[in-house]
Novice: 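Provided herewith is a single structure, encoded as structure tokens, for subsequent inquiry.
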Amino acid sequence: MGNGISAKCIYGNGEKFGGDKTGAISFPIYQTATYAHPEVGQSTGFDYSRLQNPTREKLEKVVAALEEGCDALAFSSGMAAIGAVMELFQPGDHIITDMDLYGGSVRLFDNISTKNGIEFSHIDCVKQNAEDFVKKNTRAIFIETPTNPMMRVVDIRKTAQTAKKHNLLLIVDNTFLSPYFQKPLLLGADIVIHSATKFLGGHNDTLAGIVVVKDEKISERMRFIIKTIGSGLAPFDAWLILRGIKTLPLRMEKAQENAKAIVEFLRGENSVTNVYYPGIEETEGYEICKGQASGFGSMITFEVQSREMALHVLKSTRLIPFAESLGGVETLLTYPITQTHADVPKDTLKKIGITDKILRISVGIEDKDDLIGDLAQAFASFGGEQ
Ligand SMILES: *Cc1c(COP(=O)(O)O)cnc(C)c1O
């Protein structure tokens, strides 16, 4: 039995599917809401699909194996996953988060979780020490790394030490690098979250979210939450994510190779004033990222000379669509200030450095010459259209 990550992507924990006489290689879609019981007091292991469904369970086992967790739970979106994790906390609890997070997480924390009595400190987890913000009622630290969209790198091991010392949960949103490049549970995190809509699914065709946990106790609580709030992933969507994961290693490698070439191109382009990518050696986070991940991924953020140039590039690419989201086979250009980060408070945007000159590119698996050619013609045509 193969223990490599590619085998895990295809076979999960290595259990052969034995429930089907046809010998189906692709795990079946159990499109059922409920299950017949053999007799009173007995169960096949499945009672009702809000609690569990075989296709969802298969996906959960595959991701648990990839992240090396004890359990994983699949939700209807990344935000549903993060929302469910917030149900672990009580009114009066305090959570420390990095200030540079996916905009939807900030919206959830500042509007829904705060209303439910949870208190937040949004700090700079790169420059500040999380420990200085720990209070009596602090229960968790929530980070992403590299951060969205400024690609800053948070030291997972160091943050985990602080969490351990004060008995806090360390929650890491691992969407940007996926378990192919980074496994936060092995670096000391307690909970890993994914928007499986992105790299895990990989085809921009399904919304899904995953929570992976390190120990049984949190698993039990999360299982209670998923069955109670009912935001588990539907069987067909679970199957699409399972299918996407089979090619995760190939996609991650190809997208990263393309990203490195695009970074080089952008750094040589006159109208580009800054490129943010953790794989650039002179970058602040390079060494930390190298020490905690096996790759730098395929997300690049860059700054152009003016707002007009940013808007021009967004409407002038011929191949690359201007769309939110990331992690799919299609390269996408995003304008964080009006899209992913539209609901983030203005002073936070300023602190993080998200301006109207900042563009984000999620690099896909097309041929790199086509991508560079497309960007080059977009830059070159600026000013030539009046
Ligand atoms: C997209 C995203 C989310 C939210 O996931 P959805 O599947 O869109 O609900 C959370 N975190 C990060 C880092 C993301 O990129």
Side-chain angles (χ1 to χ4, degrees), residues 97-111 120 122-128 143-154 173 175-176 198 259 262-280 282-286 289 296-317 320-327 331-363 371 374-376 378-383 385-386:
T97 83
D98 189 48
M99 61 180 187
D100 189 9
L101 296 178
Y102 175 69
S105 302
V106 178
R107 183 173 54 218
L108 172 78
F109 297 160
D110 290 356
N111 297 283
F120 291 87
H122 302 303
I123 71 162
D124 181 342
C125 286
V126 177
K127 296 220 165 71
Q128 293 174 306
I143 58 169
E144 279 174 32
T145 180
T147 62
N148 181 1
M150 297 314 286
M151 306 306 294
R152 290 151 66 255
V153 178
V154 181
D173 182 332
T175 299
F176 266 35
K198 316 293 171 55
I262 291 175
V263 164
E264 281 319 302
F265 162 76
L266 290 172
R267 293 181 84 195
E269 172 63 44
N270 279 337
S271 39
V272 174
T273 44
N274 247 316
V275 182
Y276 305 91
Y277 180 70
I280 299 174
E282 303 87 83
T283 305
E284 200 181 2
Y286 173 80
C289 194
F296 300 106
S298 47
M299 297 300 299
I300 307 165
T301 295
F302 61 101
E303 183 193 58
V304 293
Q305 64 199 18
S306 63
R307 173 175 179 268
E308 291 66 37
M309 177 55 119
L311 300 183
H312 172 81
V313 169
L314 291 170
K315 71 172 183 202
S316 307
T317 50
I320 306 170
F322 163 38
E324 25 206 314
S325 204
L326 59 111
T331 296
L332 299 179
L333 262 171
T334 301
Y335 197 39
I337 199 152
T338 65
Q339 291 183 307
T340 51
H341 288 67
D343 287 342
V344 175
K346 286 218 163 50
D347 58 323
T348 309
L349 290 175
K350 204 168 152 202
K351 247 194 262 170
I352 309 168
I354 303 177
T355 67
D356 57 8
K357 296 187 274 186
I358 291 282
L359 296 170
R360 191 188 76 185
I361 183 162
S362 167
V363 182
L371 296 173
D374 193 26
L375 290 168
F379 287 125
S381 61
F382 184 58
E385 64 199 9
Q386 280 95 345

Novice: Rounded to the nearest 0.5 Å, what's the gap from CG on L333 to NZ on K315? Could you check?
Specialist: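 So the gap between those two atoms works out to 14.5 Å.
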Novice: Rounded to the nearest 0.5 Å, how far apart are CG of L314 and CD1 of I320?
Specialist: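 Nearest 0.5 Å value for the CG-CD1 distance: 10.5 Å.
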Novice: Hey, does L359 have a side-chain heavy atom less than 4.5 Å from the side chain of V313?
Specialist: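 They are in side-chain contact.
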Novice: For a side-chain contact (heavy atoms from CB on, under 4.5 Å) check, start with the C-alpha distance between I300 and V363, then their side-chain angles and the critical distance, and finish with the verdict.
Specialist: CA-CA 8 Å; I300 307 165; V363 182; 3.8 Å; yes
Novice: Judged by atom type as modelled, is there a donor-acceptor pair below 3.5 Å linking the side chain of T283 to the main-chain atoms of P278?
Specialist: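 No; zero donor-acceptor contacts below 3.5 Å.
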Novice: According to the side-chain hydrogen bond (donor to acceptor under 3.5 Å, both in side chains) rule, which pairs have a member within residues 343-360, sequence neighbours left out?
Specialist: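 side-chain hydrogen bond (donor to acceptor under 3.5 Å, both in side chains) check on residues 343-360 returns R107-D343, N148-R360.
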Novice: Calculate, to the nearest 0.5 Å, the distance between atoms CD1 and CG belonging to I143 and D173 respectively.
Specialist: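 Here the rounded value is 9.5 Å.
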Novice: Do the side chains of H341 and L349 get nearer than 4.5 Å, heavy atoms only?
Specialist: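 Side chain of L349 against side chain of H341, heavy atoms only: contact under 4.5 Å found.
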Novice: What is the distance from atom OG of S105 to atom CG of D98, rounded to the nearest 0.5 Å?
Specialist: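 The OG atom of S105 sits 11.5 Å away from the CG atom of D98.
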Novice: Just checking E284: does its CD atom have more than 12 heavy atoms from other residues, nucleotides or ligands closer to it than 6.0 angstrom?
Specialist: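 It does not: E284 CD has 12 such atoms or fewer within range.
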Novice: Answer whether the closest heavy-atom distance between the side chains of I280 and R267 falls below 4.5 Å.
Specialist: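 Yes, at least one pair of side-chain atoms sits under 4.5 Å.
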Novice: I'd like to check the ring pair (Phe, Tyr, Trp, His ring centres under 6.0 Å) partners of F296; sequence neighbours left out, ordered by chain and number.
Specialist: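 Result, ring pair (Phe, Tyr, Trp, His ring centres under 6.0 Å) vs F296: Y286.
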Novice: Just so I know, are the side chains of H312 and S381 near enough to count as touching, which here means a heavy-atom distance under 4.5 Å?
Specialist: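 Yes. Closest side-chain heavy atoms under 4.5 Å.
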Novice: Where is the tightest heavy-atom contact between L326 and F176, given as atom of each residue plus distance?
Specialist: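 Smallest heavy-atom distance, with atoms named: CD2-CE1, 3.7 Å.
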Novice: Distance from E324 atom CD to T340 atom OG1, nearest 0.5 Å?
Specialist: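 Nearest 0.5 Å value for the CD-OG1 distance: 6.5 Å.
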Novice: Any side-chain heavy atom of R307 sitting closer than 4.5 Å to one from L311?
Specialist: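 They are in contact (side-chain heavy atoms under 4.5 Å apart), so the answer is yes.
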Novice: Between the side chains of Q305 and S271, does any donor sit under 3.5 Å from an acceptor?
Specialist: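 S271 and Q305 do not have a side-chain donor-acceptor pair below 3.5 Å.
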Novice: Going through the distances and angles, do I354 and V344 end up as a side-chain contact (heavy atoms from CB on, under 4.5 Å)?
Specialist: CA-CA 10 Å; I354 303 177; V344 175; over 6 Å; no
Novice: To the nearest 0.5 Å, what is the distance between CG (N270) and CZ (F382)?
Specialist: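 It comes to 13.0 Å.
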Novice: Please step through side-chain contact (heavy atoms from CB on, under 4.5 Å) for the pair M309 and F379, ending with a clear verdict.
Specialist: CA-CA 8 Å; M309 177 55 119; F379 287 125; 3.9 Å; yes
Novice: Which heavy atom of Y276 sits nearest a heavy atom of M151, and at what distance?
Specialist: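 Looking at all heavy atoms of both residues, the shortest contact is O-CG, 3.5 Å.
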Novice: Could you tell me whether a side-chain N or O of T317 sits under 3.5 Å from a main-chain N or O of D374, the two making a donor and an acceptor?
Specialist: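 No, T317 side chain to D374 backbone: no donor-acceptor pair under 3.5 Å.
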Novice: Tell me whether E144 contacts the main-chain N or O of Y102 through its side chain, where contact means a donor paired with an acceptor under 3.5 Å.
Specialist: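 Indeed, once roles are kept as given, a pair shorter than 3.5 Å links the two residues.
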Novice: Ignoring hydrogens and geometry, is there a side-chain-to-backbone donor-acceptor pair from T334 to A323 under 3.5 Å?
Specialist: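 A pair under 3.5 Å: yes.
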Novice: Identify the two heavy atoms, one from V126 and one from V153, that lie closest to each other, and give their separation to 0.1 Å.
Specialist: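 The pair with the smallest heavy-atom distance is CG2-O, 3.5 Å.
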Novice: Under a 3.5 Å distance rule, please check whether T147 uses its side chain to pair with a backbone N or O of R152 as donor and acceptor.
Specialist: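 Flag set: sc T147 to bb R152 pair under 3.5 Å.
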Novice: Would you check if L371 and F265 make a side-chain contact, meaning some heavy-atom pair closer than 4.5 Å?
Specialist: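 Contact flag for L371/F265 side chains = no.
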Novice: Is it the case that the side chain of T145 and the backbone of V154 share a donor-acceptor pair, with hydrogens and angles ignored and the cut-off at 3.5 Å?
Specialist: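 Judged by distance alone, yes, a pair lies under 3.5 Å.
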Novice: With a 4.5 Å heavy-atom cut-off, do D100 and P149 have their side chains touching?
Specialist: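 In short, these two side chains touch, coming nearer than 4.5 Å.
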Novice: Is any side-chain heavy atom of M150 less than 4.5 Å from a side-chain heavy atom of T301?
Specialist: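 Touching, per the 4.5 Å side-chain cut-off.
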Novice: Short question: side chain of Y277, backbone of G297 - any donor-acceptor pair under 3.5 Å?
Specialist: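 Between the backbone of G297 and the side chain of Y277 there is a qualifying donor-acceptor contact (under 3.5 Å).
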